[in-house]
Amino acid sequence: QVQLVESGGGLVQVGGSLRLSCVTSGRTLSSIAMGWFRQAPGKEREFVGTIHPSNGLTQFADSVKGRFTISRDNAKNTVYLQMNSLKPEDTAVYYCAAAGHYGYTRPDDYTYWGQGTQVTVFS
């Protein structure tokens, strides 16, 4: 069992930055691949990015590539989503999720989920 708790969401102006955190417990972070997803009102949950359990390799959706980065601090059991150059279309609830393998982009491939944190980008 893995527990995930996100934090760091909030209101931010267009062009601004936010850093989301996801604290994990229940399993060693270095043994699980972590992903970030988001869901806007009336839309399906969509893949944002993922990070390899140990080598730091990352993969991102085209919509955020070049603006978002993911990092992890296994000693702190924490994964971060750094979001820069935010746009109104980035407004959504952001979720972190855990999977057994790196490279998954579908929500169904992730077993454990956090409760989500709201990000609202205003102009």
Side-chain angles (χ1 to χ4, degrees):
Q1 192 79 6
V2 178
Q3 293 79 42
L4 309 173
V5 179
E6 302 100 334
S7 63
L11 291 169
V12 62
Q13 205 163 10
V14 169
S17 299
L18 274 179
R19 189 178 78 159
L20 306 183
S21 300
C22 174
V23 179
T24 71
S25 60
R27 278 182 61 183
T28 303
L29 185 60
S30 60
S31 67
I32 50 178
M34 297 297 297
W36 286 94
F37 290 77
R38 65 186 183 186
Q39 188 166 19
K43 294 189 176 181
E44 294 188 352
R45 193 166 297 189
E46 66 171 355
F47 171 76
V48 173
T50 183
I51 186 166
H52 192 277
S54 57
N55 65 19
L57 193 64
T58 56
Q59 181 182 346
F60 293 94
D62 288 344
S63 58
V64 306
K65 204 172 292 183
R67 299 188 297 122
F68 291 11
T69 59
I70 298 175
S71 60
R72 61 194 300 156
D73 185 336
N74 288 345
K76 295 183 177 180
N77 292 321
T78 303
V79 177
Y80 303 98
L81 177 66
Q82 177 67 43
M83 305 184 294
N84 299 325
S85 302
L86 283 161
K87 305 175 181 180
E89 51 263 44
D90 295 319
T91 295
V93 176
Y94 283 72
Y95 299 89
C96 65
H101 298 282
Y102 170 72
Y104 293 155
T105 62
R106 301 183 310 158
D108 286 349
D109 292 324
Y110 286 77
T111 306
Y112 302 102
W113 291 83
Q115 82 288 352
T117 185
Q118 176 71 46
V119 172
T120 303
V121 184
F122 65 94
S123 57

Within the distance-only criterion (no hydrogens, no angle test), does the side chain of [X] pair as donor or acceptor with the backbone N or O of [Y] below 3.5 angstrom?
X      : Y     : value
Thr78  : Asp73 : no
Gln115 : Glu6  : yes
Thr50  : Met34 : yes

Indicate, with yes or no, if [Y] and [X] share a hydrophobic cluster defined by side-chain heavy-atom contacts under 4.5 Å among Ile, Leu, Val, Met, Phe, Trp and Tyr.
X      : Y     : answer
Leu86  : Val64 : yes
Tyr104 : Phe60 : no
Phe37  : Val93 : yes

Exercise for the section: List for me each residue that meets ring pair (Phe, Tyr, Trp, His ring centres under 6.0 Å) alongside Phe68, sequence neighbours excluded, and say none if there are none. Expected result: none

Practice task
Can you sort out the partners of Tyr102 under ring pair (Phe, Tyr, Trp, His ring centres under 6.0 Å), two or more places apart, ordered by chain and number?
Solution key: His52

Does a side-chain heavy-atom distance below 4.5 Å link [X] with [Y]?
X      : Y      : value
Ser21  : Lys76  : no
Asp109 : His101 : no
Asn84  : Ser17  : yes
Phe122 : Gln13  : yes

Residues two or more places apart in sequence or in another chain: which of them pass side chain to side chain contact (heavy atoms under 4.5 Å, CB included) with [X]?
X      : answer
Val119 : Leu18, Leu20, Met83, Tyr94, Val121
Thr105 : Phe47, Gln59
Ser25  : Gln3

Practice task
Please step through side-chain contact (heavy atoms from CB on, under 4.5 Å) for the pair Arg38 and Leu81, ending with a clear verdict.
Solution key: CA-CA 12 Å; Arg38 65 186 183 186; Leu81 177 66; over 6 Å; no

Exercise for the section: Please report the C-alpha distance between Tyr110 and Tyr95 in whole Å, then the side-chain angles of each, then the deciding distance to 0.1 Å, and finally whether the ring pair (Phe, Tyr, Trp, His ring centres under 6.0 Å) criterion is met. Expected result: CA-CA 11 Å; Tyr110 286 77; Tyr95 299 89; over 10 Å; no

Practice task
Taking all non-hydrogen atoms of both residues into account, name the closest pair between Ala98 and Ile32 and its distance.
Solution key: CB-CD1, 4.1 Å

Practice task
Of all the heavy-atom pairs spanning Ser31 and Pro53, show the shortest one and how long it is.
Solution key: C-CB, 4.2 Å

Exercise for the section: Would you verify whether the NZ or CZ of Arg19 falls within 45 degrees of the ring axis of Tyr80 while also being under 6.0 Å from that six-membered ring's centre? Expected result: yes

Exercise for the section: Supply the atom-to-atom distance Leu11 CG to Gln118 CD, rounded to the nearest 0.5 angstrom. Expected result: 8.5 Å

Exercise for the section: Could you grab the distance from atom SG of Cys96 to atom CD1 of Ile51, nearest 0.5 Å is fine? Expected result: 12.5 Å

Exercise for the section: Please list, chain by chain and in numerical order, all residues satisfying salt bridge (Lys or Arg N to Asp or Glu O under 4.0 Å) with Lys65, sequence neighbours excluded. Expected result: Asp62

